[in-house]
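Written out below as C-alpha cells is the structure these notes cover.
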Amino acid sequence: MSSRFDLVIRNARVATAADTMVCDLGIRAGRIAALGQDLSAGHREIDAAGRLVLPGGIDAHCHLDQPMSDGSVMADDFASGTLSAACGGTTTVIPFACQMKGQSLRAAVTDYHARAEGKALIDYAFHLIVSDPTASVLGQELPALIGEGYTSFKIYMTYDDLKLNDRQILETLDVARREGAMAMIHAENTDAIAWLTERLELAGRIAPKYHAVARPLLVEREATHRAISFAELVDVPILIVHVSGREAVEQIRWAQSRGLRIHAETCPQYLFLSAEDLDRPGHDGAMCICSPPPRDKANQEVIWAGLRNGTFDIVSSDHAPFRLNGPTGKKVAGEGASFSKIPNGIPGLETRMALLLSEGVLKGRITLQQFVALTATNAAKLYGLYPRKGSIAIGADADIVLWDTGTARTIGNAMLHHNVDYTPYEGIEVSAWPDTVISRGDIVVERGRPVGQAGRGQFLACARPQYRG
Ligand code: URP
Ligand code: ZN
Ligand code: ZN
C-alpha cells in the first residue's frame, strides 16, 4: 500500500491549460501523486473550497541581480525577487545570466550561480544573454552550455553594451538551429533610436516622456520584421520578447500565417500602462521607462486581442528592478538627467498573475485555460521544463496556487515584497490575489503571508524546447 500523502488539497476547482475539474490533490515527496475524489487522509490538509486552484506561474522573463554597465544596481536579488514572485503566485522564475562584452559565457553562468546560491525561495532556471558571440563562444561555449541545460538565450538588437549586428545575429541563430535552442530576441532598431535620441536631446527634449518618442512603433516593427526574416533565412524558431503594440503584432501574425515558427511574449506594461504614464508629474515618469515603451489604449487592445487569438505564447513580467530614489536606480545619472540615461525597466514579478487573472479572465477578455497557458504551461514547454513544471498533472512538481478571487484589493507598493520603492501599478484594483502558494509540495505563502525558507529553491536544468505545432 502506498504511504500517506504529505498534503491533500480538498474540494479544489482546478484549471489547467486544457481542462477544468473539481477534485482532491494528493501530494507526496514534492510531486502531485493523485488527482481524484475522496482521497485518503494526508499528514496535512487544506480545504480549497471557494478558491481557484491553478498551476504555479512561470515568469520566463525577469531580471534579478543582473550586473549593469551604467553604474546602476538592480534592487532585487534572488532572495527578494523570488520572495516577491512567490507572493504573486509564481513558482518558477527564469532570469538571465548575462555575458558582458569581453567576458566568457561560462564565466557569466558561474557568476550568476553564485548570485543565486542559497537565496531562492522558489525554483529557477537561467536564460543566457549572448552579447559577445566570438568564435569560441559560438563554436564551443554556447553549444556546451545548451547541452548542460541552458537551452535558451536572449540576443539584443539595441543597447550599446549588449547589441549584436546583423551578421552576428545570423551566426548566433545558426547555433540555435544546430543545437535545438530557443533564441529570444529584443527587437528594436538601434540606429533609428540613436538618431531620434540625438535629435530630441539637441532640442532639449530630455524629459522621461521623450523615451517613447525616441522609440516609436516603427522602430519595433522594423526590427521585428528583420528578426523574422533572419529566422526564416536560418530556418530556426525564435521568440520575440516584450512585444508592445500593433505594428510588431502585425509582423508576427504575418509570419505565423506563412507557417514560420515565430513565438511571441508580451508583458503587463503593454496592457495596463501607456505613454502617458511617462509624463507623470516631476520626474516620476521615469518609473515607467522600459523598452519598448508602453503605447496607448488602442495598442493595449491589440495586445489583448493577440492574447485571445493565439498570437502570443507567453505573458512575462520583464521585471527589471531599479529604485526611483537613491543613487543606483532610475537617477543613476543624476536628478533630471535625460531619458536616455535612465535605466530601462519596471518591476512586476508580484503583480503579473493577479493583473492578468483579474483583468483578463474575471473580466472575460481571455479564458481561464488561456491564462494558464500564457502564464505557465507554454513557458514550461518552450523553455524545456515541461511536464515537470507548468501544469497540474500526476507526476508533475506540486507547484500550485490557491487563488482568492472574491476580494477586491487595490495594488499598492506597501503590500509587495520586492525591494523596489514603487510599483507602476499603484492604485489599480484587482479581484484576484494568491492565498496559498505551494512550491514542490512546500507551502511558501499561507493566507497571503510568506512562510518559506530562502534557499530552498532549486536550479532547474532545461531540456530542449517543445515547439507549438
Ligand atoms: O526596459 C526593459 N525591458 N528592461 C529590461 C531589459 C530588457 O530589455 O528586457
Ligand atoms: Zn529586452
Ligand atoms: Zn527584459
Side-chain angles (χ1 to χ4, degrees), residues 5 7-28 31-39 42 45-60 88-92 268 271 304-315 352-382 385-408 430-441 443 445 466 468-469:
F5 295 117
L7 174 66
V8 174
I9 305 171
R10 298 209 181 270
N11 308 309
R13 187 157 71 90
V14 173
T16 67
D19 299 304
T20 305
M21 58 201 140
V22 176
C23 65
D24 300 340
L25 291 82
I27 295 164
R28 194 182 290 123
R31 295 191 173 206
I32 299 171
L35 298 171
Q37 309 295 334
D38 303 320
L39 293 185
E45 305 231 345
I46 298 176
D47 183 3
R51 279 166 291 167
L52 195 52
V53 178
L54 304 180
I58 298 177
D59 199 329
T90 288
T91 50
T92 303
L271 295 165
W304 280 115
L307 296 179
R308 266 193 303 280
N309 67 25
T311 304
F312 290 107
D313 302 87
I314 297 180
V315 176
R352 171 185 74 120
M353 303 277 287
L355 283 168
L356 198 65
L357 185 53
S358 186
E359 288 295 306
V361 180
L362 300 180
K363 295 216 171 142
R365 291 177 167 116
I366 57 172
T367 67
L368 194 50
Q369 273 63 48
Q370 286 174 318
F371 172 81
V372 174
L374 288 162
T375 56
T377 316
N378 290 347
K381 291 181 177 173
L382 288 172
L385 294 171
Y386 190 82
R388 178 172 175 189
K389 302 288 189 189
S391 192
I392 292 181
I394 292 172
D397 280 0
D399 289 357
I400 296 163
V401 181
L402 278 60
W403 286 89
D404 172 5
T405 54
T407 314
V430 287
S431 44
W433 203 259
D435 173 83
T436 301
V437 179
I438 298 166
S439 163
R440 266 185 294 103
I443 298 174
V445 176
Q466 294 174 27
R468 186 165 79 172

Qualifying residues under side-chain contact (heavy atoms from CB on, under 4.5 Å), relative to [X], sequence neighbours excluded:
X      : value
Asp47  : Asn11, Ala49
Ala408 : Glu429
Ala305 : Arg308
Ala432 : Leu357, Ser358, Leu362, Trp403, Thr405

Partner set under side chain to side chain donor-acceptor pair (under 3.5 Å) for [X], not counting sequence neighbours:
X      : result
Thr377 : none
Arg51  : Asp435
Thr90  : Arg352

Which residues pass the salt bridge (Lys or Arg N to Asp or Glu O under 4.0 Å) test with Asp404, sequence neighbours left out? Arg409
Qualifying residues under salt bridge (Lys or Arg N to Asp or Glu O under 4.0 Å), relative to Arg13, sequence neighbours excluded: none
Minimum heavy-atom separation for [X] to [Y], with atom names?
X      : Y      : answer
Pro434 : Val437 : CB-CG2, 3.9 Å
Ala12  : Leu25  : CB-CD1, 3.5 Å
Asp38  : Asp24  : N-OD2, 3.1 Å
Val372 : Pro55  : CG1-CG, 3.6 Å
Val430 : Ala354 : CG1-O, 4.1 Å
Val315 : Pro268 : CG1-CD, 4.1 Å

Would you list the pairs meeting side chain to side chain donor-acceptor pair (under 3.5 Å) in which at least one residue belongs to residues 389-400, sequence neighbours left out? Asp123-Lys389, Arg388-Asp397, Lys389-Asp397, Lys389-Asp399
Show your working on side chain to side chain contact (heavy atoms under 4.5 Å, CB included) between Leu54 and Leu368 and close with a plain yes or no. CA-CA 9 Å; Leu54 304 180; Leu368 194 50; 4.2 Å; yes
Indicate yes or no: at least one non-hydrogen side-chain atom of [X] is less than 4.5 angstrom from one of [Y].
X      : Y      : value
Val445 : Val401 : no
Arg440 : Thr91  : no
Met21  : Thr16  : yes
Thr407 : Trp433 : no

Show every salt bridge (Lys or Arg N to Asp or Glu O under 4.0 Å) that has at least one partner inside residues 355-364, sequence neighbours left out. Glu359-Lys363, Glu359-Arg365
Straight-line distance of [X] [atom1] to [Y] [atom2], nearest 0.5 Å:
X      : Y      : atom1 : atom2 : value
Ile438 : Ile400 : CD1   : CD1   : 5.0 Å
Leu356 : Gln370 : CG    : CD    : 10.0 Å
Ile27  : Ile46  : CD1   : CD1   : 7.5 Å

Whether Gln37 side chain and Val22 backbone form a donor-acceptor pair below 3.5 Å: yes
Backbone of Ala15 reached by a side-chain donor or acceptor of Gln369 within 3.5 Å: no
Residue pair Asp59, Met353: steps toward the side chain to side chain contact (heavy atoms under 4.5 Å, CB included) verdict: CA-CA 9 Å; Asp59 199 329; Met353 303 277 287; over 6 Å; no
For a side chain to side chain contact (heavy atoms under 4.5 Å, CB included) check, start with the C-alpha distance between Ile9 and Val14, then their side-chain angles and the critical distance, and finish with the verdict. CA-CA 11 Å; Ile9 305 171; Val14 173; over 6 Å; no
